[in-house]
S.K.: 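Could you have a look at this structure, given as structure tokens, before my questions?
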Amino acid sequence: MIRKEIADTIQWLKRIGLAFDHGLSEAECLQIEEIFQIAFPPDLRLLYKLALPVSSGFVHWRRGITSKEEYSNIRVKLDWPWEGMVFDIQHNSFWMEHWGEMPKDVKQKIQIAKKHYASYPKLIPIYSHRYIPQFPQKIGNPIFSVYQMDIIYYGANLWNYFENEFQYKRVSRDKAEEQSIRKINFWSEIAEKE
């Protein structure tokens, strides 16, 4: 079923004008994961193996393993959530209660935040500033819109994300999936803060 969902999504995205390259090989997936120290969740991995979106705004993973410039662009995208957190610590007094008492020194704040950040699921960029957590390694992780610590859910899962981002309407929809969003350590806590 998941393969059909992905294939249908790709066909619809092509119809609205998004460009795709041929899918990544298993060897390319493994090389990308090793170079960038990430692990694609299974649904995103299958999407990339069937067809790689290469329109503006998408991450061109294949080019990232052959081009220094694209490698740097991907590194910037991978570092974006951390850089946004640092900005908000420095300029907007961002602090999580479970990090303990907030020090007065900015360097100490960043040092403490970095230690905690390393334990949170890494976010993998998909399009613009939309990210999917690499863990758990299951189908159906939510998609987050990440702009500094202004983090919101942008999709209950990959399919719901494409619906929201590109106004894609699937024929078979499960309303329950939109109401049951998998909780992701730290990122869901931020997204659900009021």
Side-chain angles (χ1 to χ4, degrees), residues 2 5-6 29-30 32-49 57-59 61 64 74-103 105-165 174-194:
I2 182 118
E5 286 269 9
I6 291 172
C29 285
L30 293 172
I32 289 163
E33 290 176 331
E34 183 179 335
I35 289 171
F36 293 105
Q37 294 297 291
I38 59 171
F40 293 130
D43 42 4
L44 186 64
R45 184 184 197 94
L46 185 54
L47 169 73
Y48 289 160
K49 287 178 87 172
F58 282 96
V59 179
W61 293 103
I74 293 171
R75 285 276 14 129
V76 167
K77 285 182 176 282
L78 285 165
D79 294 340
W80 172 265
W82 166 246
E83 295 300 327
M85 181 184 288
V86 170
F87 182 89
D88 274 0
I89 289 170
Q90 293 172 327
H91 302 285
N92 297 316
S93 301
F94 176 78
W95 195 254
M96 296 297 291
E97 194 175 297
H98 69 266
W99 293 351
E101 190 174 331
M102 182 170 57
D105 180 65
V106 173
K107 286 183 182 177
Q108 280 185 306
K109 289 179 193 176
I110 293 169
Q111 195 173 33
I112 291 167
K114 189 171 191 172
K115 180 180 139 194
H116 288 280
Y117 183 85
S119 71
Y120 303 143
K122 190 177 282 189
L123 296 180
I124 299 173
I126 298 174
Y127 174 80
S128 185
H129 51 92
R130 315 293 192 237
Y131 289 79
I132 189 170
Q134 74 174 0
F135 294 116
Q137 277 288 302
K138 295 180 178 179
I139 291 168
N141 288 344
I143 308 303
F144 296 99
S145 177
V146 178
Y147 201 92
Q148 294 162 222
M149 288 294 94
D150 180 11
I151 296 172
I152 61 169
Y153 290 116
Y154 218 78
N157 53 47
L158 196 56
W159 322 120
N160 182 236
Y161 160 69
F162 284 119
E163 287 181 316
N164 294 335
E165 188 77 63
D174 181 1
K175 281 289 187 192
E177 79 183 20
E178 293 174 33
Q179 294 166 12
S180 101
I181 297 176
R182 179 177 288 143
K183 303 299 183 217
I184 305 298
N185 181 33
F186 178 73
W187 303 109
S188 289
E189 184 180 349
I190 299 297
E192 294 171 5
K193 266 191 170 177
E194 296 196 14

S.K.: Which atom pairs, one a donor and one an acceptor, fall under 3.5 Å between side chains of residues 93-103 and the rest of the protein, sequence neighbours left out?
M.R.:
from	atom 1	to	atom 2	distance (Å)
W95	NE1	G100	O	2.8
H98	NE2	Y120	OH	2.9
W99	NE1	Y120	OH	2.8

S.K.: P81 versus W187: any side-chain heavy-atom pair under 4.5 Å?
M.R.: yes
S.K.: Is there a donor-acceptor contact under 3.5 Å from the side chain of D43 to the main chain of G140?
M.R.: yes
S.K.: Do F144 and Y153 have ring centroids that are under 6.0 Å from one another?
M.R.: yes
S.K.: With a 4.5 Å limit on heavy-atom distance, are the side chains of I126 and Y154 in contact?
M.R.: no
S.K.: Is the number of heavy atoms from other residues, nucleotides or ligands within 6.0 Å of CD (Q90) greater than 12?
M.R.: yes
S.K.: Considering residues at least two apart in sequence or located in another chain, which fulfil the salt bridge (charged side-chain N to carboxylate O under 4.0 Å, His left out) criterion with D88?
M.R.: none
S.K.: I want to check something: taking the side chain as every heavy atom from C-beta on, are S188 and I181 in contact at a cut-off of under 4.5 Å?
M.R.: no
S.K.: Specify the closest pair of heavy atoms between S119 and N185, including all atoms of both residues, with the distance to one decimal.
M.R.: O-ND2, 4.1 Å
S.K.: So which atom in P136 and which in I184 form the shortest heavy-atom distance, rounded to 0.1 Å?
M.R.: CD-CD1, 3.7 Å
S.K.: Counting C-beta onward and ignoring hydrogens, is there a side-chain heavy-atom pair between R75 and F36 closer than 4.5 Å?
M.R.: yes
S.K.: If we only count heavy atoms from C-beta on, is the Y161 to S145 side-chain gap below 4.5 Å?
M.R.: no
S.K.: Would you please name every residue forming a side chain to side chain donor-acceptor pair (under 3.5 Å) with Y131, sequence neighbours left out?
M.R.: none
S.K.: Could you tell me if the side chain of E33 sits less than 4.5 Å from the side chain of R45, heavy atoms only?
M.R.: yes
S.K.: Listed by chain and number, what are the side chain to side chain donor-acceptor pair (under 3.5 Å) partners of K183, not counting sequence neighbours?
M.R.: E192
S.K.: State which residues pass side chain to side chain contact (heavy atoms under 4.5 Å, CB included) with Q134; sequence neighbours excluded, sorted by chain then number.
M.R.: I38, A39, K122, I124, Q137
S.K.: What residues form a salt bridge (charged side-chain N to carboxylate O under 4.0 Å, His left out) with R182, not counting sequence neighbours?
M.R.: none
